[in-house]
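For this chain, numbers begin at 1 and follow the sequence in order. As the structure lists them, so they are numbered: ligands from 1, and atoms in each ligand from 1. Source: prediction; values computed, not measured.
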Amino acid sequence: TVVSVSNLARILDMRQKRMMQLMKNWGMEEVKPDLLVLSSEDASLVAVELGFNPVIDDEAAFDIYPDAPPAEPSTLPHRPPVVTIMGHVDHGKTTLLDTLRSTSVAKGEAGGITQHIGAFSVPVGTASENSAIRTITFLDTPGHAAFTAMRARGARVTDIIVCVVAADDGVMPQTREVLNLAKTEENVELVIAINKVDKPQANVEKVKNALLAEGVQLESLGGDVPSVEVSGLTGKGLDDLIETISTIAEVADLRADQTSKAEGYVLESKVDKGRGPIATVLVTSGTLQPGAAIVAGTVWCRVRQMMDDKGQFVKKASPGMPVTVSGWKELPEAGDEVLQAIKGEDDAKRAVANRKREIEKRKILKDVEKINEVRKAERIEREEAALAEQMGVTREAHEGKQEQGQKELRLVIKGDVSGTVEAVVGSVSGIGNDEVTTKVVSSGVGEVLESDVSMAEASNAMVIGFNVKCQRSVQQQAGKLGVPLYFDDVIYRVMEEVRKRASALLPPRI
Ligand code: GDP
């Protein structure tokens, strides 16, 4: 853990300058206001010197961690496979999912209405009654993009990829992408669904040969990749698809503990009119129940109600089961890992607080790094100038050269959401001419912080806050350091201000 000097000064109720002076006296490295980040050890040293009695808080490192996988998974109960449907655009992914979803209702509880919650369960039919697999979980968002977005966030939920290939169209660019993905993903099985076989133009043999040419060894041609012929439109072959998936799942021997604390992933989240923030959680291990305290990213939730994909309230969600969970304090993000705090709410809150702090800390460290880079560049520039002077080039000449060169208005931009930050950066970046240009040295989401002002000071920039505020202390700091701050919530006015300041950099015209 680290703490900035300015924060420490605030906590110890002491003027920062004074503290810096004392630290210098004690022989701690020479420091410049607001930039220094102290380790918890150094910070506590400072506190001790100042007559305080600090406690290093090990709790600050507290987080919730996933359970280690059990030693003997073969004794655990089976879990449903999780399937993602992918394939080229228009090859029938959505239609196939729709038909599968309606089958699930027809065969499942009477009277259920399908809900789009990000995933749904399909019962395995009578043909495989002896199967250890009773249901299959389909992720409801088709396609490569959804899969890679989840994977990019570390969410690894898919066991089986069904690659849909239209029998009247064959192997297309996105088909190849899916085949490559299936090849590189560990522990993911591939099934080929040759779709639209109801069409007169369907040519299954041609598709099979094309797949072979792509290096896919189909079972029907002596290889090990199963394929089924289906029509998402008529429902033909879907039983076959279900059975093929359940066979693969059985061979893969997918199992999960149902008694441990609940773990899973957020598939979707939104604010519901009646229920507030809700999120679909796919449970991957353990059993989720109302009352449980869970954490996802930097958000926690005391599970109020759980609803399944048929719109029924449920009291238990076991591995493989997708449920919408209400009771979130804020909206979690799709792809977030969900973990249950075994000791309840307090642990959940503590973990969330620590995670937030960790993110802020990383941000500060990154800013400090950037500031140091700017400083280094400036030092090199100064050294080069000095060297040039030594070598007989007069200072005037050097400065003269700079005068002739372009002037630059540097900006540090903060905004309320990433979209507006991008918009502001985009609209001010174009401002300038061959005499003066603008350069954004740093930009980010959130209120204007001390680190932003420090950044601006180091790089001789001004700070623009778009639809955000800053604390009084930050304002004071900016005043002290002579860093201009500008706040507004109209892009047009921001552009005006930037134009004004940029032209002010130019020498007066005669
Ligand atoms: P996606 O882009 O892969 O999700 O494809 P869609 O499910 O949206 O289907 C694209 C088009 O193909 C739509 O017009 C569907 O009606 C049609 N389609 C999908 N599956 C079948 C099928 O099995 N048979 C026939 N004849 N048409 C299909």
Side-chain angles (χ1 to χ4, degrees), residues 81-107 113-122 125 127 136-151 157-183 185 188-211 214 216 218-220 225-245 267-268 280 282 309 322 334:
V82 180
V83 180
T84 302
I85 294 188
M86 300 191 203
H88 196 72
V89 64
D90 277 346
H91 279 201
K93 300 176 290 290
T94 313
T95 309
L96 192 60
L97 279 167
D98 284 346
T99 311
L100 284 165
R101 196 185 307 103
S102 55
T103 337
S104 81
V105 175
K107 287 185 183 165
I113 308 158
T114 48
Q115 314 275 320
H116 274 274
I117 65 166
F120 60 90
S121 305
V122 172
I136 296 170
T137 308
F138 285 92
L139 295 189
D140 214 350
T141 20
H144 199 161
F147 182 89
T148 37
M150 291 285 282
R151 283 288 284 108
V157 292
T158 302
D159 302 303
I160 298 169
I161 291 173
V162 172
C163 178
V164 176
V165 191
D168 61 342
D169 202 22
V171 173
M172 298 303 279
Q174 282 166 287
T175 320
R176 285 193 195 96
E177 277 180 36
V178 175
L179 297 176
N180 282 333
L181 186 76
K183 228 182 282 169
E185 276 296 301
V188 174
E189 307 286 337
L190 175 68
V191 179
I192 304 286
I194 301 175
N195 193 27
K196 306 198 186 182
V197 293
D198 61 292
K199 280 193 150 182
Q201 313 93 297
N203 189 339
V204 173
E205 286 316 306
K206 198 173 149 202
V207 172
K208 285 188 175 176
N209 287 329
L211 286 165
E214 295 293 328
V216 181
L218 293 181
E219 263 178 5
S220 55
V225 178
S227 69
V228 284
E229 292 165 31
V230 298
S231 164
L233 206 61
T234 65
K236 181 177 180 282
L238 293 199
D239 282 347
D240 231 6
L241 178 62
I242 297 292
E243 211 182 310
T244 304
I245 292 171
L267 298 181
E268 284 184 7
T280 300
L282 176 66
D309 54 333

Check your understanding: Does the protein put a heavy atom less than 4.0 Å from atom 28 (C) of ligand 1?
Key -> yes

Check your understanding: Given Ile161, which of Val83, Leu179, Val191, Val188 fulfils the side-chain contact (heavy atoms from CB on, under 4.5 Å) condition?
Key -> Val188

Review point. Just which atoms of ligand 1 are under 4.0 Å from any heavy atom in His88?
Key: 3 (O)

Review point. Is there a nitrogen or oxygen of Gly92 sitting under 3.5 Å from a nitrogen or oxygen of ligand 1?
Key: yes

Practice item. Do me a favour and list the nearest non-hydrogen protein atom to atom 11 (C) of ligand 1 with residue, atom name and distance? Key: Lys196 NZ, 4.0 Å

Review point. Is the backbone N or O of Pro322 less than 3.5 Å from a side-chain atom of Asp309, with the two atoms forming a donor-acceptor pair by type?
Key: no

Point to revise | Residue from Leu96, Thr95, Asp98 passing side-chain contact (heavy atoms from CB on, under 4.5 Å) with Leu233 | key: Thr95

Review point. Which of the atoms in ligand 1, numbered in the order shown and given with their element, are less than 4.0 Å from a heavy-atom of Gly232?
Key: 23 (O)

**Study point:** Closest to atom 15 (C) of ligand 1 among Leu97, Thr95, Ile85, Val89 (heavy-atom distance)
**Key:** Thr95

Check your understanding: Rounded to the nearest 0.5 Å, what separation is found between the CD atom of Glu229 and the NZ atom of Lys208?
Key -> 5.0 Å

Exercise for review: Spell out, as yes or no, whether a donor-acceptor pair under 3.5 Å connects the side chain of Ser231 to the backbone of Lys236.
Suggested key: no

Review point. For ligand 1, which atoms, with element, lie under 4.0 Å from some heavy atom of Ser231?
Key: 22 (C), 23 (O), 24 (N)

Exercise for review: Below 4.0 angstrom from a heavy atom of Asp198, which ligand 1 atoms are there? Numbered from 1 as shown, please.
Suggested key: 22 (C), 23 (O), 24 (N), 25 (C), 26 (N)

Point to revise | Test log, rule side chain to side chain contact (heavy atoms under 4.5 Å, CB included), inputs Leu97 and Phe120 | key: CA-CA 9 Å; Leu97 279 167; Phe120 60 90; 3.8 Å; yes

Practice item. Report, in ascending order of atom number, the atoms of ligand 1 lying under 4.0 Å from any heavy atom of His91. Key: 3 (O), 5 (O)

Review point. For ligand 1, which part of Asn195 has a heavy atom less than 4.0 Å away: the side chain, the backbone, both, or neither?
Key: side chain

Study note, to complete from the structure: Tested for side-chain hydrogen bond (donor to acceptor under 3.5 Å, both in side chains) against His91, the lone hit among Asn195, Asp169, Asp168 is Asp169

Point to revise | Spacing of CD1 belonging to Ile192 relative to CG belonging to Leu241, to within rounding of 0.5 Å | key: 11.5 Å

Revision key, fill the gap. To atom 16 (O) of ligand 1, the nearest of Leu96, Asp98, Leu233 on a heavy-atom basis is Leu233

**Study point:** Identity and distance of the protein heavy atom lying nearest atom 4 (O) of ligand 1
**Key:** Thr94 OG1, 2.5 Å

Revision key, fill the gap. Ligand 1 atoms nearer than 4.0 angstrom to some heavy atom of Asp90 are 1 (P), 2 (O), 3 (O), 5 (O), 10 (C), 12 (O)

Study note, to complete from the structure: Given the options Asn209, Val204, Leu211, Val207 meets side-chain contact (heavy atoms from CB on, under 4.5 Å) only with Leu211

Review point. For ligand 1, is Lys236 a contact, meaning one of its heavy atoms is under 4.0 Å away?
Key: no

